[in-house]
Amino acid sequence: MKNNIVLALTKGRILRESLPLLADAGVEPAEPIDATRKLLLATNHEDIKLAILRGADVPTYVKYGAADLGIVGKDVLLEYGSEGLYEAADLGIACCRLMTAGIPNRVSNVGTLRVATKFVNITREYFGKKGKQIDIVKLYGALELAPLMDLADVIVDLVDTGDTLRANGLIPFEEILPISSRLIVNKASIRQKTPFLLPFIDSLAKLN
Amino acid sequence: MSDNNSWQLPDGVDEVLPKRAFVLESLRRELLDLYHSWGYQLVEPPLAEFTESLLVGLGADLDLLTCKIPDQLSGRMMGVRADLTPQVARMDAHSMSDSGINRLCYAGPVLHAKPKSAGSSRSPIQVGAEIFGESSVQADIEIIDLMLETVELSGLSCSRDDLTLDLGHVGVVQSLLKSAELEKKIEAKVVDALKRKSIPDLERVLESLDESFAKIFLALARLNGDASVLLSARELVLEVAPAAVDSIDLLSEVIDSMRIRRPEINIYVDLAELRGYNYHTGIVFAAYTSNFGQAIANGGRYDNVGSIFGRSRSATGFGADLKVLMQFYSSLLCEDVGSKVISAPYSDDPGLREAIAELRKKGERVVMQLPGDNQNDQFDRYLTNSNNDWIVQQK
């Protein structure tokens with residue numbers, strides 16, 4: 001049986017923190033990742049390839065079976081849905097928190113709250129559980145600006161150190177969820193490539 | 001470029017053009033002939049029915065998948081079928097009174113309000129077969145066998161295409177959940193995490209649980225692979241949930257049988273496979289092949305769904321999407337279509353018409369030329385008159 005594994009990686013911080021895990025599992029890119037513009041990379045294993053993608057695309061590649069495995073933030077899985085995927089392990093890398101934040105003493109409790117975020121599904125569910133009616137303003141970046149420009153009352157965003165929030169006069173309010181990177185697996189791949197994939201997953205997740 | 005986009009089809013709704021349509025229909029006929037030869041009777045469920053009957057029992061999971069329209073005659077809500085199985089189960093329970101075994105098969109289009117899985121068609125053509133009124137594992141084995149025949153007839157082979165038979169039994173998780181006596185809310189979370197095999201989410205839910213059960217659920221989520229996992233699973237559940245052992249033994253029986261019937265097939269056991277967890281009651285199975293990201297056929301046991309319609313019946317069956325299966329179906333067929341056509345002149349001559357009828361009866365395709373027909377492209381032979389006799393000549 002042929003193996004030919006494709007592992008989809010999220011570019012940026014997750015990619016940087018994934019490489020040592022991969023190295024521990026004996027997999028290294030055939031060329032330095034920083035120096036190449038290739039999106040599909042060979043490795044020191046003939047039958048393992050790495051695909052470098054945007055986070056939100058990683059679950060899509062794995063769901064369709066274009067990639068067998070993926071490493072992606074829990075935030076992406078929650079936002080775009082993880083139906084039809086297996087979530088094999090918490091890799092404990094690229095840790096941060098999904099939080100609400102805003103300008104201190106500015107948020108009123110009356111009326112519909114305006115929330116700016118990239119994560120519209122998570123946000124809707126979170127405030128829904130709190131019984132709070134909200135208006136969502138979908139933004140793609142620089143969320144800290146939204147309360148300053150009175151585009152929104154609060155934001156929902158990933159917070160690591162909190163420096164960007166503070167630099168813009170915002171403070172974190174509540175933690176919605178702790179976030180870390182997860183190893184996801186295609187359902188058909190795990191069945192077709194079992195003898196190869198199971199040990200590889202275990203060694204990536206440091207289960208042995 | 002044109003501003004007119006009135007030709008656009010909804011996302012995931014596709015049309016099938018001539019050559020592929022021929023392949024699709026050939027496969028449909030071959031499969032229905034196969035089921036006929038196994039003694040299954042064809043049924044033709046309605047395209048739409050009231051949501052009251054469409055979305056109960058087996059159909060309860062189909063609510064979001066079903067397109068609904070108000071019935072202008074009665075004012076009641078109708079749904080376009082998203083799955084034929086619940087309809088066939090209703091037909092067995094309500095419209096057919098035979099108390100013995102009922103083998104039924106079907107093929108027909110369904111409509112999905114949203115794609116069922118990544119990249120799947122919203123207008124699949126579902127084929128499948130069901131056995132009602134037989135609770136033994138032999139019925140499951142017959143259905144699994146027929147599912148694999150279906151896949152093989154579609155052009156896949158156990159040896160060449162790495163066909164994998166996926167087997168599970170929902171009874172294992174069900175018995176464990178029963179013994180663990182979890183709160184409903186926690187139980188739902190455990191089931192959800194198991195469905196996605198999310199080890200991290202499962203660990204989080206299990207934090208609040210009795211440690212021995214937490215360990216077992218975690219082990220279960222990781223118990224998948226070749227048939228040897230059954231042994232470990234048996235040990236794992238023996239003391240806490242003896243009922244689960246029966247499920248595991250049934251699976252062993254199925255595996256032994258399949259090993260004899262199809263020695264070359266890969267078998268993958270997944271005891272935490274919870275697809276259709278709300279209505280499946282026993283063995284669940286699916287077929288996978290290399291380079292296809294999802295199951296190409298699946299099914300399982302779903303006893304008692306008929307009780308809503310007045311008759312509790314044992315049931316097991318499988319289904320597949322013809323549009324998926326046809327991708328593997330002989331491409332030879334595809335190339336031949338359209339090229340083997342005999343061209344005949346346009347004429348009212350009774351002799352010619354007789355000759356054409358004779359050829360068509362034999363299965364030949366004969367086209368009587370219209371003024372606009374182009375002789376050269378579509379025909380490989382032609383009918384010509386030689387000494388008052390019509391004969392077929394090569395181009």
Side-chain angles (χ1 to χ4, degrees), chain A residues 1-6 57-70 72-74 77-78 80-93 95 177-199 201-202 204-208, chain B residues 64-65 114-120 158-168 192-204 218-219 221-229 264-270 272-275 285-298 324:
Chain A
M1 202 187 300
K2 279 183 307 232
N3 278 313
N4 292 329
I5 304 294
V6 176
D57 294 334
V58 171
T60 309
Y61 271 75
V62 178
K63 268 183 205 175
Y64 278 81
D68 304 281
L69 298 166
V72 64
K74 180 69 178 170
L77 290 177
L78 286 170
Y80 297 99
S82 52
E83 263 168 62
L85 291 170
Y86 290 154
E87 196 180 318
D90 183 346
L91 297 176
I93 55 167
C95 296
L177 269 174
I179 302 291
S180 55
S181 295
R182 306 295 164 94
L183 179 63
I184 56 173
V185 190
N186 174 270
K187 280 186 174 186
S189 302
I190 192 91
R191 287 165 170 80
Q192 292 293 136
K193 302 170 184 174
T194 320
F196 182 82
L197 271 185
L198 281 184
I201 290 169
D202 283 352
L204 262 184
K206 302 223 161 69
L207 288 167
N208 325 334
Chain B
L64 289 179
L65 216 56
K114 54 175 191 171
K116 203 171 179 185
S117 52
S120 65
C158 291
S159 49
R160 202 184 55 232
D161 300 290
D162 306 338
L163 216 52
T164 298
L165 172 64
D166 177 52
L167 288 169
D192 174 58
L194 280 176
K195 262 187 191 166
R196 294 179 289 115
K197 288 227 178 41
S198 172
I199 308 288
D201 287 2
L202 195 60
E203 277 170 344
R204 234 175 108 165
L218 266 178
R222 299 180 46 79
L223 262 182
N224 39 66
D226 60 23
S228 66
V229 301
E264 283 177 310
I265 198 163
N266 296 319
I267 292 179
Y268 180 90
V269 178
D270 184 351
E273 173 61 53
L274 296 181
R275 172 177 45 79
F285 40 83
Y288 287 83
T289 184
S290 21
N291 303 324
F292 197 77
Q294 273 127 24
I296 50 173
N298 58 45
V324 168

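In what follows, chains carry the letters A, B, and so on, assigned in the order in which the sequence lines appear, proteins first and then strands, with residues in each chain numbered from 1. All heavy atoms count here, side chains included; hydrogens, waters and symmetry mates do not.
- Using a 4.5 Å heavy-atom threshold, the side chains of A/Arg191 and B/Ser290 count as separate.
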* To do: Could you check B/Asp201 against A/Arg182 for salt bridge (charged side-chain N to carboxylate O under 4.0 Å, His left out), going step by step and ending with a plain yes or no?
  => CA-CA 11 Å; B/Asp201 287 2; A/Arg182 306 295 164 94; 3.6 Å; yes
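- Across all their heavy atoms, B/Arg196 and A/Lys74 have their closest contact at NH1-NZ, 4.1 Å.
- Within a 6.0 Å radius of OH in A/Tyr80, other residues, nucleotides and ligands contribute 12 heavy atoms or fewer.
- In terms of heavy atoms, B/Pro200 sits closest to A/Ala89 at CG-C, 3.6 Å.
- No salt bridge links B/Asp166 with A/Lys187; every basic N to acidic carboxylate O contact stays at or beyond 4.0 Å.
- For the atom pair B/Ser198 OG and A/Asp90 CG, the distance stands at 8.5 Å (nearest 0.5 Å).
- Using a 4.5 Å cut-off between heavy atoms, A/Ser189 makes no contact with chain B at all.
- The residue among A/Gly84, A/Ala188, A/Ser180, A/Pro59 with the most heavy atom pairs within less than 4.5 Å of chain B is A/Ala188.
- The side-chain contact (heavy atoms from CB on, under 4.5 Å) search around A/Ala66 returns A/Tyr61, not counting sequence neighbours.
- With respect to chain B, the highest number of heavy-atom pairs below 4.5 Å among A/Leu198, A/Ile190, A/Val62 belongs to A/Ile190.
- When heavy atoms are compared at a cutoff of 4.5 Å, B/Asp270 approaches chain A solely by way of its side chain, counted from C-beta outward.
- The residues A/Glu87 and B/Lys195 are annotated as not salt-bridged, no charged nitrogen and carboxylate oxygen being separated by less than 4.0 angstrom.
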